[in-house]
Every structure is written in structure tokens, then in C-alpha cells.
Amino acid sequence: MRAFQDTYPENVAHCYGCGRLNEHGHQIKTYWDGDETVTRFQPQPEHTAIPGFVYGGLIASLIDCHSTGTAAAAAYRAEQREMDSEPPLRFVTGSLHVDFLKPTPLGPVLELRGRVKELKGRKVMVESEVWVDGALTARGEVVAVQMPDTFKA
């Protein structure tokens, strides 16, 4: 099964969080799991906030890119077509809200789970959660907006 991000055209595959062509980025990979989406990410020592815990900015970044990928996949699913079909549907962040529920330990793999709350026209609302060893550590909500053609240089 191909990750959502592996279907992105080259001109939009450079994002620090999800771009497969950004060798210094996170290069997250997101997949369907029923009606939810899932991303697994292994934080590295450079993602430290304080010893033993993940930097909150990383968590926000992961929620952001996981959610925009979820939005794109949901839009394709709604149109009953594959993610690499034309015309491409890509999304950018219109709004990002993150609640940090408890410190996220550094070491274990982070699991992000996303659900589409609303798909309406060019806008998709996605709720994503960060789980570590069965504990919910953060929750975010993203309003993703379909990328305007002017971004697709």
C-alpha cells in the first residue's frame, strides 16, 4: 500500500513535515485504517524539549501534516478516485489548533490517528490525536483548504 505522501507530484513534495523530496524533513507516511488515518513516527534525540520528552513544535508539525494528508485522501475518497489521479487535490493549513494533554515521552514511536469531521467544498476539518504506548498525549484540529492553483508553480 502506498502512503498518501508518495502520490504527491514533485512540485508539492518538498514540505518539511511530509515531503518525500525533503531529505532533512520528517517524511511522514500516512495510510487509511478503516475510516481513520494513521501515521507512525519515530522521534529522534534532536526532537527533545527537555530530557526525556518530545518538543511540542514537532507534535504540532506532525499533526499539521498528518491532517492535511488526511484531508487530501478524504477528498479523493469522496470523489471515488485514486490519489495519484488528475487533477491533483492537495491541501494547505487554514487553521491549526493543538491541545497538549500530557508530556509526550521521547523514545517510543508516536502514532497519529486522524478522522474527518467535515468535508465541505474546498475545506476539510480533521481531528488528529497523538498516542504513545496507548496513552493519548495531544489532540489537534486542522482546517485544511484545497491548495489554490497559484501554489502549484
Side-chain angles (χ1 to χ4, degrees), residues 1-77 83-84 88-119 123-148 151-153:
M1 176 183 347
R2 285 174 65 193
F4 303 163
Q5 294 83 1
D6 292 337
T7 67
Y8 293 0
E10 285 192 15
N11 66 330
V12 292
H14 297 275
C15 174
Y16 186 78
C18 60
R20 72 181 185 284
L21 300 178
N22 188 330
E23 65 183 79
H24 301 289
H26 305 318
Q27 297 186 0
I28 69 167
K29 304 292 184 191
T30 307
Y31 305 89
W32 282 113
D33 183 14
D35 288 334
E36 292 187 332
T37 55
V38 65
T39 295
R40 289 179 180 83
F41 184 82
Q42 177 64 66
Q44 299 300 309
E46 62 267 21
H47 299 130
T48 297
I50 58 173
F53 296 96
V54 176
Y55 167 61
L58 172 68
I59 293 167
S61 175
L62 294 173
I63 288 172
D64 181 19
C65 283
H66 176 81
S67 297
T68 57
T70 297
Y76 277 100
R77 190 178 255 193
M83 284 193 70
D84 57 358
L89 301 173
R90 298 296 172 255
F91 286 76
V92 293
T93 306
S95 172
L96 168 66
H97 176 88
V98 178
D99 290 316
F100 299 95
L101 306 174
K102 61 172 51 175
T104 300
L106 183 67
V109 171
L110 309 182
E111 181 176 277
L112 286 90
R113 293 219 156 247
R115 287 169 296 290
V116 175
K117 292 178 69 176
E118 180 179 39
L119 193 159
K123 195 184 305 184
V124 183
M125 289 183 61
V126 177
E127 180 179 75
S128 292
E129 298 174 335
V130 178
W131 292 84
V132 180
D133 290 337
L136 178 63
T137 65
R139 178 181 293 122
E141 185 172 277
V142 170
V143 176
V145 181
Q146 191 172 340
M147 183 182 294
F151 276 31
K152 300 175 190 172

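Under the side chain to side chain contact (heavy atoms under 4.5 Å, CB included) criterion, Ala144 pairs with Thr68, Ala71, Phe91, Val142, not counting sequence neighbours. Residues satisfying the side chain to side chain contact (heavy atoms under 4.5 Å, CB included) criterion with Ser61, sequence neighbours excluded, are His26. For Thr93, the side-chain hydrogen bond (donor to acceptor under 3.5 Å, both in side chains) partners at least two apart in sequence or on another chain are Asp64. Under the side-chain hydrogen bond (donor to acceptor under 3.5 Å, both in side chains) criterion, Tyr8 pairs with no residue at all, not counting sequence neighbours. Every residue meeting the side-chain hydrogen bond (donor to acceptor under 3.5 Å, both in side chains) condition with Thr70, not counting sequence neighbours, appears here in chain and number order: Thr37.
Looking at Glu141 and Lys117, their side chains come closer than 4.5 Å, going by heavy atoms from C-beta outward. Contact of the Arg2 side chain with the Asp84 side chain is registered, since non-hydrogen atoms from C-beta on lie closer than 4.5 Å. No side-chain heavy atom of Met147 sits less than 4.5 Å from a side-chain heavy atom of Pro88. The closest side-chain heavy-atom distance from Phe41 to Leu58 is below 4.5 Å.
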Return all side-chain donor-acceptor pairs below 3.5 angstrom for residues 94-102, not counting sequence neighbours, or 'none' if the list is empty.
from	atom 1	to	atom 2	distance (Å)
His97	NE2	Asp99	OD1	2.9
His97	NE2	Asp99	OD2	3.4

Show me the side-chain donor-acceptor pairs of residues 103-114 shorter than 3.5 Å, one per line, residues at least two apart or across chains.
from	atom 1	to	atom 2	distance (Å)
Thr104	OG1	Thr137	OG1	2.9
Glu111	OE1	Arg40	NE	3.2
Glu111	OE1	Arg40	NH2	2.9
Glu111	OE2	Arg113	NE	3.0
Arg113	NH1	Asp33	OD2	2.9
Arg113	NH1	Glu36	OE1	3.0
Arg113	NH2	Asp33	OD2	2.8

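Between Ala72 and Arg90, the shortest heavy-atom distance links the atoms CB-NH1, 4.5 Å. Pairing each heavy atom of Ala138 with each of Ile59, the nearest pair is CB-CG2, 3.7 Å. Met83 and Phe4 make their closest contact through SD-CD2, 3.5 Å (heavy atoms, listed as atom of the first residue, atom of the second, distance). The shortest non-hydrogen separation linking Cys15 to Cys65 is SG-SG, 3.6 Å.
In this structure, NE2 on His14 lies 8.5 Å from CG on Asn22, to the nearest 0.5 angstrom. Leu119 contributes atom CG, which lies 11.5 Å from atom CE of Met125 (distance to the nearest 0.5 angstrom).
Residue pairs meeting the salt bridge (Lys or Arg N to Asp or Glu O under 4.0 Å) criterion with at least one member in residues 127-140, sequence neighbours excluded, are Arg115-Glu127, Arg115-Glu129, Glu129-Arg139. Within the structure, salt bridge (Lys or Arg N to Asp or Glu O under 4.0 Å) contacts touching residues 8-30 (residues at least two apart or in different chains) are Asp6-Lys29. For the ring-ring contact (aromatic ring centres under 6.0 Å, His included) condition, no pair includes a residue of residues 50-74, sequence neighbours left out.
Counting only distance, with no hydrogens or angles, the side chain of Gln5 and the backbone of Ala13 share no donor-acceptor pair below 3.5 Å.
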Tell me, with the steps shown, if Val143 and Glu118 meet side-chain contact (heavy atoms from CB on, under 4.5 Å). CA-CA 9 Å; Val143 176; Glu118 180 179 39; over 6 Å; no
